[in-house]
Amino acid sequence: DPPGRDTDAGRSAALRLFPPPARRFAMRMLLSVLFTSGFLIAAAYGLRTALHVALYARRARGRATEAPPAPTRPVAVTVQLPLYNEPAVAARAIDAACRLRWPHGALEVQILDDSTDETAAIVDRSAAAWQARGVDVVVLRRAGRAGFKGGALAAGTAAARGEALAVFDADFVPPPDFLERTVPHLVAPGVAAVQARWAHLNAGASWLTRAQALALDGYFVVEQAARAAAGLALNFNGSAGVWSRAAIDDAGGWRGDTLTEDVDLSYRAQLRGGRIVFLSDAEAPAELPGSLLAFKRQQRRWARGTLECARLLLPAVACAPWSPGKRLHAAASLTNHVVAPLLLVLLAATPLLLHWRPEFHPLLAALTLVSFALPGQVALGQRALHADWRRRLVDYPALVVLLAGMAVNGAVAAWQAARGRAGAFERTPKAGDGPTAAVATRGDRRQALAECAAAAWATATLAGALATGAWG
């Protein structure tokens with residue numbers, strides 16, 4: 001037979017089996033199912049934000065947490081400062097911790113120093129200076145970094161003499177009255193931890209820090225307050241909080257098998273019946289990442305670690321003696337970062353919409369209303385904190401662009417979490433009194449290329465939609 005006759009025959013058979021109308025129907029149906037499912041999943045997570053806004057407006061707005069009675073005796077407090085190569089901010093963090101007001105003899109400051117650079121010398125000098133002034137300062141060092149921050153906190157807790165443990169990251173500068181405002185809430189029955197609101201040392205430094213401040217203010221003022229008021233599971237945010245040592249021990253202690261040891265312990269403590277109190281009127285300012293690379297690393301670590309916690313904790317959450325709504329909300333909170341890879345899949349398939357033009361149910365357009373939840377949360381957060389809140393919302397478009405650009409970053413985090421391999425703890429570079437030093441690795445550069453490709457793909461798709469009139 002002449003060459004190519006078998007190929008032509010196979011093509012003819014395929015055309016008879018799948019004629020153009022059938023192919024068109026199949027592709028339209030496939031795209032309709034894909035995008036409808038994707039929109040529904042994304043909207044479901046968006047409804048979580050809308051729920052927080054509604055709960056805040058109904059239950060938490062303007063309501064201060066009732067102050068408990070003063071403890072009948074001074075509570076022994078250990079302040080823990082986990083450090084790893086923080087030469088720019090180590091001394092500042094130690095100074096702030098040692099200036100905290102608390103009865104003499106009932107305060108211990110633990111510096112959990114895993115540093116391998118000049119930070120160790122800075123820590124020793126600062127600790128010696130405060131010890132000379134009568135402050136109980138202890139420096140603990142480990143032979144390695146097993147468990148990263150979680151491992152350091154576990155080692156520190158084993159040696160601590162406090163029954164309340166206050167945790168601050170290196171970039172936090174708590175006010176002197178922090179313990180006076182938080183520890184009394186910890187002695188109430190059933191309270192495992194007290195979380196304060198994060199404030200910002202450098203919010204006005206750039207468009208990047210202003211956008212981050214908008215997002216974090218909305219999260220703390222609205223989401224955390226709403227979850228607390230409704231009795232939903234809360235996150236301890238890793239810093240600016242105080243833990244009951246008994247609650248830590250009851251939950252199984254700090255662990256280093258995820259990159260977000262704070263989320264892990266939060267849920268384990270609450271699954272044991274403990275409660276986390278959120279105080280919006282108690283704050284501790286911290287430094288926001290000053291470069292895009294530093295911010296991406298921070299967000300990637302948070303996303304990956306939270307999904308690692310989801311893999312470990314979802315079975316226990318599903319069986320918890322909580323209401324169905326509380327269990328569902330906890331599951332959604334732990335898996336919220338799956339939206340990033342989902343959005344990338346939809347972006348990759350979007351050009352197919354221009355060619356096949358599938359039909360969607362008219363009610364699907366109503367799901368776009370969920371997109372107003374995030375600006376609502378941001379606006380409520382700014383209104384609660386600042387008299388000039390309307391002016392500050394000018395930076396909201398920068399936040400939208402920043403979040404949209406995090407899709408690849410979030411997808412990388414989800415992929416890393418899904419592989420189930422142990423990850424290295426990437427510290428967020430701090431500026432302190434000097435320049436931010438975030439050096440791009442080969443992985444960072446590869447991710448940047450993927451982000452550029454995604455942006456180019458989205459731009460080309462938009463241009464195609466405008467050219468063909470298929471954007472309505």
Side-chain angles (χ1 to χ4, degrees), residues 46 48-65 89 92 169 171-175 177-178 181 195-229 237 239-240 278-296 298-299 302 368-407 409 428-433 435-436 455:
R48 173 177 164 274
T49 302
L51 173 66
H52 298 151
V53 172
L55 289 173
Y56 174 79
R58 182 178 178 182
R59 301 188 184 187
R61 185 176 179 180
R63 192 182 77 174
T65 304
V89 296
R92 184 182 69 183
D169 284 341
D171 55 322
F172 278 74
V173 185
D177 66 345
F178 183 89
R181 296 171 68 90
Q195 175 65 58
R197 177 172 54 84
W198 292 7
H200 321 294
L201 294 170
N202 59 334
S206 68
W207 71 268
L208 176 62
T209 56
R210 290 193 297 271
Q212 292 176 70
L214 289 178
L216 286 171
D217 288 345
Y219 167 76
F220 279 99
V221 172
V222 178
E223 178 174 337
Q224 286 285 69
R227 290 164 72 168
N237 300 110
S239 185
F278 172 68
L279 300 178
S280 186
D281 53 351
E283 66 176 35
E287 191 176 287
L288 297 165
S291 72
L292 190 57
L293 179 56
F295 175 72
K296 286 163 58 177
Q298 179 197 68
Q299 296 299 307
W302 289 355
T368 59
L369 295 175
V370 176
S371 63
F372 290 100
L374 179 59
Q377 176 170 296
V378 169
L380 287 171
Q382 294 305 297
R383 184 176 182 180
L385 295 176
H386 307 289
D388 61 342
W389 63 276
R390 290 183 178 86
R391 180 187 63 80
R392 292 171 182 266
L393 292 179
V394 171
D395 293 305
Y396 182 75
L399 174 60
V400 173
V401 172
L402 183 64
L403 295 178
M406 288 293 109
N409 196 62
T428 304
K430 314 296 189 306
D433 297 326
T436 297

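These numbers come from the heavy atoms of this one structure, side chains and all, not from hydrogens, waters or symmetry mates.
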Specify the closest pair of heavy atoms between [X] and [Y], including all atoms of both residues, with the distance to one decimal.
X	Y	answer
Y396	L214	N-CD1, 3.7 Å
A384	V221	CB-CG1, 3.7 Å
A211	A398	CB-C, 4.2 Å
F178	A284	CE1-CB, 4.1 Å
A373	G46	CB-O, 4.2 Å

I'd like to check [X] versus [Y] (side-chain heavy atoms, cut-off strictly below 4.5 Å). Are they in contact?
X	Y	result
V378	L399	yes
H200	D217	yes
W389	L393	yes
L201	F172	no
L292	K296	yes
P285	P174	no
V222	L55	no

For the side chain of [X] and the backbone of [Y], is there at least one donor-acceptor N/O pair under 3.5 Å apart?
X	Y	result
Q377	H52	no
R181	D281	yes
Q212	P289	yes
T209	N202	yes
E223	Y56	no

Could you check whether atom CZ of R48 has more than 12 heavy atoms from other residues, nucleotides or ligands sitting under 6.0 Å from it? yes
Start with the C-alpha gap between F295 and L288, add the side-chain angles, then the distance that decides, and say whether side-chain contact (heavy atoms from CB on, under 4.5 Å) holds. CA-CA 8 Å; F295 175 72; L288 297 165; over 6 Å; no
Would you please classify the geometry between the W198 ring and the F220 ring as parallel, tilted or perpendicular, with 30° and 60° separating the classes? tilted
Would you check, one step at a time, whether the test side-chain contact (heavy atoms from CB on, under 4.5 Å) holds for V89 with V173? CA-CA 10 Å; V89 296; V173 185; over 6 Å; no
What verdict does the side-chain contact (heavy atoms from CB on, under 4.5 Å) test give for L403 and L374, after you've listed the backbone C-alpha separation in whole Å, the side-chain angles of each residue and the deciding distance to 0.1 Å? CA-CA 11 Å; L403 295 178; L374 179 59; 3.7 Å; yes
Restricting to side chain to side chain donor-acceptor pair (under 3.5 Å), what partner residues turn up for N409, sequence neighbours left out?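 Result, side chain to side chain donor-acceptor pair (under 3.5 Å) vs N409: R300, Q447.
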Of all residues at least two apart in sequence or in a different chain, which pass the side chain to side chain donor-acceptor pair (under 3.5 Å) check with D171? none
Show every salt bridge (charged side-chain N to carboxylate O under 4.0 Å, His left out) that has at least one partner inside residues 195-209, sequence neighbours left out. R197-E283
Atom pair OG (S239) and CD (Q195), whose distance is rounded to the nearest 0.5 Å: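 It is 8.0 Å, given to the nearest 0.5 Å.
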Verify the distance criterion only: is there a donor paired with an acceptor across the side chains of Q382 and D388 at less than 3.5 Å? no
